[in-house]
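The structure under discussion appears below in the form of structure tokens.
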Amino acid sequence: MKSRERLFRRSLLLLGSVLLLLRWHAGAAPPPEEPSAEGDTAAVRAEAAGPVLWATYQGVIGTISASYLEDAVAEANRTDAACLVIELDTPGGLDTSMRVIVKKILASEVPVILYVSPSGSRATSAGVFIAQACHVIAMAPGTNTGAAHPVNLAGGSDSTMTEKATNDAVAYIRSIAEEKGRNADWAEDAVRKSVSVAAHEAVEIGVADLIAESRGELLEKLEGRVVTTAGGEKTLRTEGAETREFPMSKRYRLLNILNDPNAAYLLLLLGFYGLFFELSSPGSIYPGVIGAISLVLGLYALQSFSINYAGLLLMVLGVVFFIAELLTPTYGILSAGGVASLTIGSLLLFRSPEPFFRVSLAVILPAVAFSAAFFLFAVAMALRTARRRPAVGRRALVGAVGEARTTIAPTGKVYLDGAHWTAESDEPIEAGERVLVEEVHGMTLRVRKAGPDRKEG
């Protein structure tokens, strides 16, 4: 009996030894006291936490940027990412687009980190609201945030409307800042007084959470932070995590160009000129196609901005003046009117007091100068063509010089342009004399004696 018990115990011991050996060969984790245990555990934790999704945007906040950042938040939630980092540099933008982004961030179950970077970047105006909505705000050295006073992009609102917009923005940003546990008083001053703050001071007064010079340093400092998202408390596991870029798609990159008022302005001009060339030379095809596409894209771009229709009409009127000058030359009067109309219309086209929502003078002046130069050149060529003696047909014979082959008194024969013609003259002309054609009547030339300085035609 005892022998059976000993055999049974030895069998269990042998089986346990075999199982341990198999685990070791299969690559089981070494005991915790081994030097490599900490690194392996961190790697496993990072892998389990999911990748860090990284979205980068630089520019004005508009409809396209809102769609891009919405997609980034949705992708982070879909893939259960460790967190989403939005690397941002913006002077501000549209209130409607900003609110779309803020709502998406507040509803996210995945932590969203805003990183104002690289050095020299800013998150001002609408960017302040987006930053305050994020679960963590990080800033690179040399960056700033603030100046969030609401501005009527159409310009010229009365004091009551301005006060209403300001109070609404203050209530909105205070509620966001208080929810995230940040300095709500500063956030209110950023809206009411347009105060701005640098990165290090922002951390000191509770506007931002941390300073990071690089991506690696940011991920290290985020490790272990506890944040509250729409899905509850989350502990950030970012150190050593995989970083996955979420670039703007080609479609968004193309459409984002239209967020620039300078691009919208140039597309409108290109559309006007393309259609003009097609109408002036039917069948050219290419100018008409390019002009129509450019005009549609330009009009599409205008929906992102507040435009002055008087400015748009003045631009159209300027192009009409140039075309009229080309068709009925007035020796520069219509061209001068076209330059004035196009310049004033370009300046009035966008009504926003914000410089990033207006056309730059560096774009307007060359565009107007090029337009004026082109149409003036076209007018000069038209006048030169009109004054040139016809090169073919009977009218081309007027002013030509030939030679009398017989006496003309009052009719005779002349040799001109490789042919013999019947000619008549009010004065007698001897054979061999040079004659100048004054008129052409059917097949008969009316001539007179040519001066010594005229050459034969």
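Bear in mind the structure is a predicted one, so any value in this text is a computation, not a measurement. Sequence positions, counted from 1, serve as the residue numbers for this chain.
- Residues satisfying the side-chain hydrogen bond (donor to acceptor under 3.5 Å, both in side chains) criterion with Y115, sequence neighbours excluded, are absent altogether.
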Table please: side-chain donor-acceptor pairs of residues 166-173 below 3.5 Å, with sequence neighbours left out.
residue : atom : partner : partner atom : Å
T166    : OG1  : T162    : O            : 2.8
N167    : OD1  : R192    : NH1          : 3.3
N167    : OD1  : R192    : NH2          : 3.2
N167    : ND2  : E163    : O            : 3.3
D168    : OD2  : R99     : NH2          : 2.8

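- N77 meets the side-chain hydrogen bond (donor to acceptor under 3.5 Å, both in side chains) test with S108; sequence neighbours excluded.
- In this structure, R244 is not positioned above the aromatic face of W54 in the sense of NZ or CZ being under 6.0 Å from the six-membered ring centre and within 45° of the axis.
- Contact between P118 and A140 at its shortest, heavy atoms only, is C-CB, 4.4 Å.
- Checked by atom type and distance alone, the side chain of N144 never pairs as donor or acceptor with a backbone atom of V197 at under 3.5 Å.
- Partners of E178 according to the side-chain hydrogen bond (donor to acceptor under 3.5 Å, both in side chains) rule, which considers only residues two or more places apart in sequence or in another chain, are R174.
- Side-chain atoms of T229 come within 3.5 Å of backbone atoms of E109 as a donor-acceptor pair (strictly under, hydrogens ignored).
- When each of T79, D71, V73 is checked for a side chain to side chain contact (heavy atoms under 4.5 Å, CB included) with E75, only T79 meets the rule.
- Between the R182 side chain and the A208 main chain, no donor and acceptor come within less than 3.5 Å of each other.
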**Intermediate values then yes/no, side-chain contact (heavy atoms from CB on, under 4.5 Å), V447 and L416** = CA-CA 11 Å; V447 299; L416 174 66; over 6 Å; no
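- Take E439 and apply the salt bridge (charged side-chain N to carboxylate O under 4.0 Å, His left out) test, not counting sequence neighbours, and it matches no residue.
- No donor-acceptor pair closer than 3.5 Å links the side chain of E217 to the backbone N or O of A212.
- For E433, the side-chain hydrogen bond (donor to acceptor under 3.5 Å, both in side chains) test picks out no residue, with sequence neighbours left out.
- A distance-only check finds no donor-acceptor pair linking the side chain of T444 to the backbone of V440 [under 3.5 Å].
- In this structure, the side chain of S97 engages the main chain of G62 through a donor-acceptor pair within 3.5 Å.
- The distance from atom CD1 of I429 to atom CD1 of I408, rounded to the nearest 0.5 Å, is 4.5 Å.
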